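Let me begin by handing over the structure; questions about it come next.
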Amino acid sequence: MCPDDASVGAPLTSYPELPSLLETLSDALLFLDTTATIQYVNRRAAAMLGASKHELLGTSLWQSAPHLVSTALYQAVTTAIHTQESLEITYCSSITQSWLRVQLSPTNGGVLAFFREGKEPVRLHDALYKSEQRYRSLLESFTDGIVILTPEGLILDINQRPLLVAQARREEVIGRPMVEFPSWRSAPLAQDQLRAAIEQARRGETVHFEVRLYPQAESYRDLAFVMTPHCDAEQRIEYLTCVGLNITEWKQAEEEWRTLLDIIPHFVWAMYPDGSTHYSNQRWRDYTATTAEQDQGNDGWSRWIHPDDRQRVLDTWQTAVHAGTSYEVEHRLLEVETCAYRWYLTRGTPRRDQQGTIRQWVGTCTDVDDLKKAEIALYQSQERARTLMDSNIIGIFISRDDEIIEANSTFLRMTGYSQEDLRQGKMGWFRMTHPDFLVRTQQARQELAQHQTLIPYEKEYVCKDGSRLPVLVGGVALPFDPSQNLCFVLDNSARKELELRKENFLSMASHELKTPLTAIKMRLQLARTRLLKQGFGEAAATLLRAEEPVQLLDRLIGELLDVSKIQAGRLDYLREPVDIEALVYEIAETIQLMSTNHTIVVHGSAPCTLIGDKGRLEQVLINLVGNAITYSPDATTVDIDLDVTTEAVTIGVRDYGIGIPQGQREKIFERFYRAFDLSQRAIPGLGMGLSIAQEIVRHHGGTITVESEVGRGSTFRVTLPLKRSNPVL
Ligand code: ADP
């Protein structure tokens with residue numbers, strides 16, 4: 001087909017004279033095929049369209065004749081083609097503003113369109129005029145953009161707003177594909193979205209989409225579009241409307257919110273009701289090491305939840321979805337970077353549209369790890385405390401002032417009281433204490449008030465049935481309320497009984513030993529006296545040596561007896577004036593007589609008298625001087641120093657022997673303790689002397705101390721007060 005040949009268009013070739021006839025028509029004539037492609041155009045039409053026939057033929061009417069294009073024409077042409085019925089319409093060109101009257105006559109394979117330009121319609125057409133005016137002002141009344149498109153996406157009509165923004169002229173865009181609209185050209189991503197939206201709308205769907213356009217190089221506009229298909233009476237898609245809303249400011253506000261949401265320490269999220277993610281803030285993505293793209297639309301959020309908590313969380317979420325109510329759940333979430341779980345409190349709430357349908361769930365996750373761990377620790381400590389309270393070995397009670405306000409079953413069992421007695425306030429710390437221990441209990445109470453702890457001490461309770469219960473009591477003041485004390489009670493009766501039996505045995509054994517020993521001693525002395533009288537001096541001397549171990553045994557038994565008396569509190573003391581200096585000289589002389597290796601030297605003087613038990617003090621000094629000789633086998637001297645002040649007299653016993661190691665100096669005053677030293681192995685003794693000495697000195701209100709250096713000797717110092725305000729004796 002030759003475009004410049006008058007005989008163009010297959011249907012017209014069979015009438016050779018027809019083309020020239022048509023050229024003479026005063027009306028503009030176009031022949032369009034079923035796709036609205038121009039197959040023929042007469043001279044008048046070419047002049048009206050301002051293009052050559054060559055340019056027009058074979059092109060789409062909608063693309064090559066912008067000032068003819070209108071939605072009304074588009075509708076009419078498609079209707080005429082489909083219905084094969086003639087149509088006549090009058091409309092105003094949105095570009096030239098001139099009125100056009102169009103007659104459409106369907107023919108075989110297309111439609112003939114006669115265009116006649118005219119003035120405004122006369123009165124008869126007033127209604128049409130008004131409707132056209134209304135249509136236009138409606139279009140322009142949109143502050144945002146509205147575009148009417150063919151189902152293929154060609155612009156049929158457009159309002160001023162987008163033209164102004166893009167600084168484009170109407171004739172440049174009418175009939176052009178919308179994807180080529182100036183502000184879209186520089187946004188390939190938006191073009192793809194638009195193409196996809198047109199595709200969807202052509203299938204009859206209403207499409208919502210958001211794009212960012214760049215009408216000018218430096219500025220952008222965020223637009224939300226709704227593309228709606230419109231159908232004819234036969235439900236064919238006639239045209240599409242595309243309304244664009246400028247949401248740049250909203251988007252900016254949203255950006256600001258998002259920035260804010262990204263920096264807050266919580267996770268913020270929005271989910272669709274199917275559980276897929278719509279939005280999550282940066283914190284969440286950092287925590288789970290995901291990108292926004294990975295997260296978007298993903299419904300696998302539950303995989304970050306601790307396996308032990310997962311089902312519980314999913315159940316809670318499902319219940320909330322069914323009920324449409326807010327929910328709260330605590331669970332652990334995996335921090336991908338550290339591979340550690342932390343506790344979070346998740347809160348979700350539904351967001352509904354105007355019809356009340358839940359569109360989204362929005363929520364936050366708050367880090368409650370420290371709180372939760374403290375809670376768990378508290379629970380565990382409570383559990384531990386409960387286990388301790390339930391212990392059937394230790395009696396535990398809590399007291400406020402004298403009253404016992406809480407007690408475990410062990411304490412109740414030990415004392416014979418019941419829970420009911422406890423409730424009725426029948427149990428009291430002091431009330432249950434045996435009168436012998438009231439003073440000590442008072443001290444314990446002061447100790448608790450001062451130091452918040454009570455070092456365990458022995459005492460006796462009086463049980464509900466009046467029996468006595470020996471116990472060991474320790475305690476602490478409760479930190480949150482120091483007026484309350486938590487006390488631990490151990491039943492001491494078994495130990496006490498054992499001790500009693502041991503003491504009885506000791507006292508019985510020493511008595512039993514003492515009697516035959518005294519008899520042996522007397523017989524030996526008697527035999528020696530007789531031998532001496534009969535002139536057997538040598539035999540008498542041998543017998544004297546035999547007396548030495550007997551005397552040692554006698555001393556040990558004496559000490560054993562004293563120990564058992566001390567334990568039973570039955571060591572008796574005399575009250576008599578004691579001349580200390582005379583006593584010291586007396587002892588020094590006596591011991592000197594028996595000791596051949598050492599010289600005992602007394603230094604200083606102590607012209608004073610005190611009230612005490614001479615025999616017991618003598619026992620102390622004999623023990624100290626005896627030890628000084630015993631534990632300095634290689635030395636030759638033992639010094640005794642006397643010193644007196646107005647207050648007290650001090651007796652120091654100094655030797656130059658093996659000495660006592662630092663760590664053992666305190667312990668040698670304990671009952672049965674002997675310093676361990678190879679050099680001491682051969683020295684007999686039971687470790688009782690010093691403990692008895694300390695007991696005696698204490699009863700005289702005095703003190704006994706030791707200074708020592710291993711290998712150089714020791715000094716034991718006894719200080720006794722001359723006057724005592726509160727004598728124990
Ligand atoms: P005993 O001498 O019968 O063992 P003591 O109670 O008198 O018992 O002494 C306890 C311990 O103290 C002794 O076993 C000894 O180890 C140590 N001790 C006492 N006096 C001295 C001393 N003068 N020098 C070195 N060690 C001593």
Side-chain angles (χ1 to χ4, degrees), residues 503 506 509-510 513-514 517 548-567 571 584 587-588 590-592 594-595 597-603 615-642 650-700 702-719:
E503 277 164 25
L506 270 180
S510 43
L513 288 170
K514 187 99 181 153
L517 199 69
E548 276 174 27
V550 176
Q551 260 164 6
L552 180 69
L553 207 60
D554 188 42
R555 181 171 71 84
L556 290 179
I557 291 168
E559 284 179 350
L560 258 179
L561 256 174
D562 284 348
V563 164
S564 67
K565 278 182 190 165
I566 288 168
Q567 282 181 337
L571 195 63
V584 168
I587 289 163
T590 316
I591 296 178
Q592 188 63 80
M594 292 191 286
S595 171
N597 297 338
H598 294 77
T599 310
I600 300 160
V601 187
V602 182
H603 306 270
R616 290 293 176 198
L617 290 173
E618 191 179 67
Q619 191 181 344
V620 171
L621 294 175
I622 290 173
N623 185 267
L624 294 183
V625 180
N627 278 353
I629 292 169
T630 313
Y631 298 107
S632 63
D634 303 328
T636 52
T637 316
V638 169
D639 291 313
I640 303 178
D641 300 305
L642 281 173
T650 304
I651 309 127
V653 179
R654 192 156 23 112
D655 68 59
Y656 305 93
I658 59 173
I660 306 156
Q662 167 81 43
Q664 303 186 5
R665 277 176 218 157
E666 296 272 305
K667 293 185 177 157
I668 55 172
F669 293 100
E670 286 172 19
R671 212 182 299 158
F672 304 120
Y673 186 86
R674 305 199 72 217
F676 178 75
D677 191 317
L678 281 178
S679 56
Q680 201 192 304
R681 271 195 180 169
I683 304 170
L686 287 179
M688 289 182 290
L690 283 179
S691 80
I692 297 168
Q694 190 181 49
E695 184 67 28
I696 295 169
V697 171
R698 219 181 259 162
H699 263 86
H700 284 80
T703 56
I704 180 165
T705 57
V706 62
E707 279 168 26
S708 186
E709 206 176 325
V710 174
R712 306 205 111 193
S714 316
T715 302
F716 284 83
R717 218 167 259 121
V718 173
T719 303

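In each ligand, atom 1 is the first atom listed, and ligand 1 is the first ligand listed. Everything quoted here is computed from the prediction, not taken from an experiment. Starting from 1, each residue takes its place in the sequence as its number.
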Item to check | G687 N/O to ligand 1 N/O under 3.5 Å | outcome: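 Yes, G687 has an N/O under 3.5 Å of an N/O on ligand 1.
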Next on the checklist: E670: which residues meet the side-chain contact (heavy atoms from CB on, under 4.5 Å) condition with it, sequence neighbours left out?
Outcome noted: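 In terms of side-chain contact (heavy atoms from CB on, under 4.5 Å), with neighbours along the sequence ignored, E670 is linked to K667, Y673.
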Next on the checklist: Please report whether ligand 1 has a polar contact with E559, defined as an N or O pair separated by less than 3.5 Å (distance criterion only).
Outcome noted: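 No - when backbone and side-chain N and O of E559 are compared with those of ligand 1, no distance drops under 3.5 Å.
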Checklist entry - Counting from 1, what ligand 1 atoms have a heavy atom of S714 closer than 4.0 Å? => result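 Reading through ligand 1 atom by atom, the close ones are 24 (N).
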Next on the checklist: I'd like to know if the side chain of S632 reaches the main chain of A628, judged simply by a donor and an acceptor atom lying under 3.5 Å from each other, with no hydrogens or angles considered.
Outcome noted: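 Such a contact is found between S632 side chain and A628 backbone.
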Next on the checklist: Does ligand 1 come near enough to F716 that some N or O of the ligand is less than 3.5 Å from an N or O of the residue?
Outcome noted: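 No, F716 has no N/O under 3.5 Å of an N/O on ligand 1.
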Checklist entry - Can an N or O of D655 be found at a distance shorter than 3.5 Å from an N or O of ligand 1? => result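 Between D655 and ligand 1, an N or O pair is found under 3.5 Å apart.
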Item to check | Partner residues of T599 under the side-chain contact (heavy atoms from CB on, under 4.5 Å) criterion, sequence neighbours left out | outcome: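 T599 satisfies side-chain contact (heavy atoms from CB on, under 4.5 Å) with Q592, V601 only.
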Item to check | Proximity of L624 to ligand 1 by residue part, where a heavy atom lies under 4.0 Å | outcome: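 Under 4.0 Å from ligand 1, L624 contributes no heavy atoms.
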Next on the checklist: Any nitrogen or oxygen of G659 lying under 3.5 Å from a nitrogen or oxygen in ligand 1? Just yes or no.
Outcome noted: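 N/O-N/O distance below 3.5 Å does not exist for this pair.
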Checklist entry - Judged by atom type as modelled, is there a donor-acceptor pair below 3.5 Å linking the side chain of H598 to the main-chain atoms of D655? => result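 Checking the backbone N and O of D655 against the side chain of H598, no donor-acceptor pair under 3.5 Å is found.
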Checklist entry - CG/L690 to CG/N627 distance, rounded to the nearest 0.5 angstrom? => result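 Atom-to-atom, L690:CG and N627:CG are 5.5 Å apart.
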Checklist entry - Are the side chains of L571 and R616 in touch, meaning some heavy atoms are under 4.5 Å apart? => result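 When only atoms from C-beta onward are counted, R616 and L571 do touch, with a gap below 4.5 Å.
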Checklist entry - Is a donor on one side and an acceptor on the other found under 3.5 Å between the side chain of R665 and the backbone of I660? => result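 Flag set: sc R665 to bb I660 pair under 3.5 Å.
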Checklist entry - With a cut-off of 4.0 Å, which atoms of ligand 1 are near a heavy atom of N623? => result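 Heavy-atom distances to N623 below 4.0 Å select 7 (O).
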Checklist entry - Given that the side chain starts at C-beta and the backbone is N, CA, C, O, which of these parts of I660 lies under 4.0 Å from ligand 1, counting heavy atoms, or is it both or neither? => result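 The answer is the side chain of I660.
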Item to check | Subset of ligand 1 atoms that lie under 4.0 Å from at least one heavy atom of M688 | outcome: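 By the 4.0 Å cutoff, the relevant atoms are 6 (O), 8 (O).
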